[in-house]
S.K.: 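This is the structure, below, for whatever I ask next.
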Protein chains: 2
Amino acid sequence: MNNTHFTIALHILVRIALVAEKNKVITSKEIATSVNTNPVFIRRILSSLEKSNLVVVQYGTGSGWKLAQTPDNITLSDVYQAIKQKPIFDLHHSIPNQNCPIGKGIQPVLKYYYSDVEKALHSKLAKTTVADLLGETLSSQELHS
Amino acid sequence: MNNTHFTIALHILVRIALVAEKNKVITSKEIATSVNTNPVFIRRILSSLEKSNLVVVQYGTGSGWKLAQTPDNITLSDVYQAIKQKPIFDLHHSIPNQNCPIGKGIQPVLKYYYSDVEKALHSKLAKTTVADLLGETLSSQELHS
DNA sequence: ACTGGATGAAACTATATTAGTTACAGAGGG
DNA sequence: CCCTCTGTAACTAATATAGTTTCATCCAGT
């Protein structure tokens with residue numbers, strides 16, 4: 001995962017949640033217009049979200065995307081899990097020197113520690129839902145009008 | 001920051017902490033041998049660590065690097081802060097559609113939320129020090145001998 | 001069946017990022 | 001003054017990212 005993907009995924013889900021209030025679906029092209037990018041990029045991320053059962057696609061006439069769960073049931077931890085491809089911190093690209101006590105021993109230590117950090121991150125992300133973001137986004141608009 | 005930089009920075013600091021126990025310093029070339037990379041790459045990261053007062057360089061004969069603070073005083077939050085160049089999550093690369101209520105409102109919401117997530121990450125990272133990592137790395141070696 | 005709008009996926013490009021490499025001026029203890 | 005190492009710039013190769021084009025596939029409605 002690149003770190004913008006999470007932002008795009010959240011934008012997509014909040015955008016779908018908005019039309020879901022009217023029991024409507026939305027196409028990747030329409031979402032792309034909102035995000036200001038191209039539909040294929042949106043579809044690639046939608047594909048990841050679909051595999052994690054966060055969104056569902058409808059084919060045929062009146063086709064488009066809808067949420068697979070209610071917005072208050074989708075946490076940002078779910079979203080992060082769905083689109084993450086890389087861990088938050090990577091280990092060395094090339095294997096460290098095994099003749100050095102640090103080079104030999106540090107990777108397992110860091111690997112364990114990083115997974116611990118990711119758990120803490122997930123705990124934090126789990127406290128917020130797509131419904132929360134939609135609410136905050138809309139209410140911040142009202143203040144300006 | 002790329003996500004391997006944090007790993008390399010920790011490797012560097014733990015490696016320096018190891019020789020610091022013997023009141024010695026270590027050169028970027030020696031560190032590069034341990035990390036299994038080139039000295040310039042190491043120096044670039046050392047440069048960031050130096051700016052945050054985590055390491056100090058000695059010139060002249062017997063030159064090399066040492067810690068600017070005791071290892072139990074350097075938390076991983078300090079290290080992360082020193083080398084991070086990008087936030088953990090980026091916003092959109094191109095500005096979203098301002099005619100869409102979501103496109104218009106989501107960036108400030110996410111910006112605030114992301115800084116909140118970073119604070120949680122720092123709290124987690126602050127609980128571990130370079131001394132902790134050094135201890136774990138060495139004790140994991142003993143188990144294998 | 002057929003149509004039409006949308007998806008899924010592959011292929012390709014342009015740009016940005018990352019790590020590696022070379023080179024050389026500058027620092028400073030002996 | 002010497003010697004070793006640092007600081008930094010410049011360049012390259014490899015990889016990652018987002019954008020674009022293309023086309024087969026899907027399926028509700030007619």
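Proteins get letters first, then strands, A, B, ... in listed order; numbering begins at 1 in each. Since this is a predicted model, take the numbers as computed values, not measurements.
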S.K.: Name each donor-acceptor pair under 3.5 Å that joins a side chain in residues 111-120 of chain B to protein atoms two or more places apart or in another chain, with its distance.
M.R.:
unit_1, atom_1, unit_2, atom_2, d
Y114(B), OH, T7(A), OG1, 2.8
S115(B), OG, Y112(B), O, 3.0
D116(B), OD2, K124(A), NZ, 3.0
E118(B), OE1, K84(B), NZ, 3.3
E118(B), OE2, I88(B), N, 2.8

S.K.: What pairs of donor and acceptor atoms, side-chain ones from residues 130-137 of chain B against any protein atom, are under 3.5 angstrom apart with sequence neighbours left out?
M.R.:
unit_1, atom_1, unit_2, atom_2, d
D132(B), OD2, T129(B), N, 2.9
D132(B), OD2, T129(B), OG1, 3.3
T137(B), OG1, L133(B), O, 2.7

S.K.: Can you list, pair by pair, the side-chain donor-acceptor contacts under 3.5 Å of residues 30-37 of chain B, counting residues two or more places apart and other chains?
M.R.:
unit_1, atom_1, unit_2, atom_2, d
E30(B), OE1, T27(B), N, 2.9
E30(B), OE1, T27(B), OG1, 3.3
T33(B), OG1, K29(B), O, 3.1
S34(B), OG, H11(B), NE2, 2.8
N36(B), ND2, I95(A), O, 2.7

S.K.: Taking ring pair (Phe, Tyr, Trp, His ring centres under 6.0 Å) as the cut-off, I'd like each qualifying pair that reaches into residues 37-69 of chain A, sequence neighbours left out, listed once.
M.R.: H5(A)-F41(A)

S.K.: Roughly how many Å is it from NZ in K29(B) to P in dT4(D), rounded to a whole number?
M.R.: 11 Å

S.K.: In whole angstrom, give the distance that lies between atom CD1 of I42(A) and atom P of dT17(D).
M.R.: 16 Å

S.K.: Same cluster or not: are V40(A) and L46(A) linked, directly or through other Ile, Leu, Val, Met, Phe, Trp or Tyr residues, by side-chain heavy atoms under 4.5 angstrom apart?
M.R.: no

S.K.: What about V25(A) and L54(A), same hydrophobic cluster or not, with Ile/Leu/Val/Met/Phe/Trp/Tyr joined at side-chain heavy-atom distances under 4.5 Å?
M.R.: no

S.K.: Less than 4.0 angstrom between a side-chain N/O of W65(A) and OP1 or OP2 of dT7(C), yes or no?
M.R.: yes

S.K.: If I take atom CD1 in residue I8(B) and atom C1' in nucleotide dT18(C), what distance separates them, rounded to the nearest angstrom?
M.R.: 12 Å

S.K.: Looking at Q107(B) and G105(B), would you say the former's side chain and the latter's main chain have a donor-acceptor pair under 3.5 Å?
M.R.: no

S.K.: Name the nucleic acid region contacted by E50(A), choosing base, sugar-phosphate or nothing; use a 4.0 angstrom heavy-atom cut-off, strictly under.
M.R.: sugar-phosphate

S.K.: Between N3(B) (CG) and dT17(C) (P), how many Å, whole number?
M.R.: 14 Å

S.K.: With the threshold set at under 4.0 Å for non-hydrogen atoms, list the residues of residues 12-27 of chain A touching DNA chain C in residue-number order.
M.R.: T27(A)

S.K.: Provide the closest heavy-atom pair for H92(A) versus I106(A) in the form atom of the first, atom of the second, distance.
M.R.: CE1-CG2, 3.9 Å

S.K.: Nearest-Å distance, CG (N36(A)) to P (dA18(D))?
M.R.: 14 Å

S.K.: Encode nucleotides 20-30 of chain D as B, S and - characters from 5' to 3', where the letter depends on protein heavy atoms closer than 4.0 Å: B to the base, S only to sugar-phosphate, - to neither.
M.R.: BB----BBBS-

S.K.: Out of dT18(C), dA9(C), dA18(D), which nucleotide sits closest to the side chain of H93(A)?
M.R.: dT18(C)

S.K.: Where does the angle between the aromatic ring planes of F89(B) and Y80(A) fall among parallel (under 30°), tilted (30 to 60°) and perpendicular (over 60°)?
M.R.: perpendicular

S.K.: At less than 4.0 Å, is any side-chain N or O atom of H5(B) found next to OP1 or OP2 of dT18(C)? Yes or no.
M.R.: no

S.K.: Between dT18(C) atom P and I45(B) atom CD1, what is the distance in whole Å?
M.R.: 11 Å

S.K.: Does dT7(C) have its OP1 or OP2 closer than 4.0 Å to a side-chain nitrogen or oxygen of S63(A)?
M.R.: no

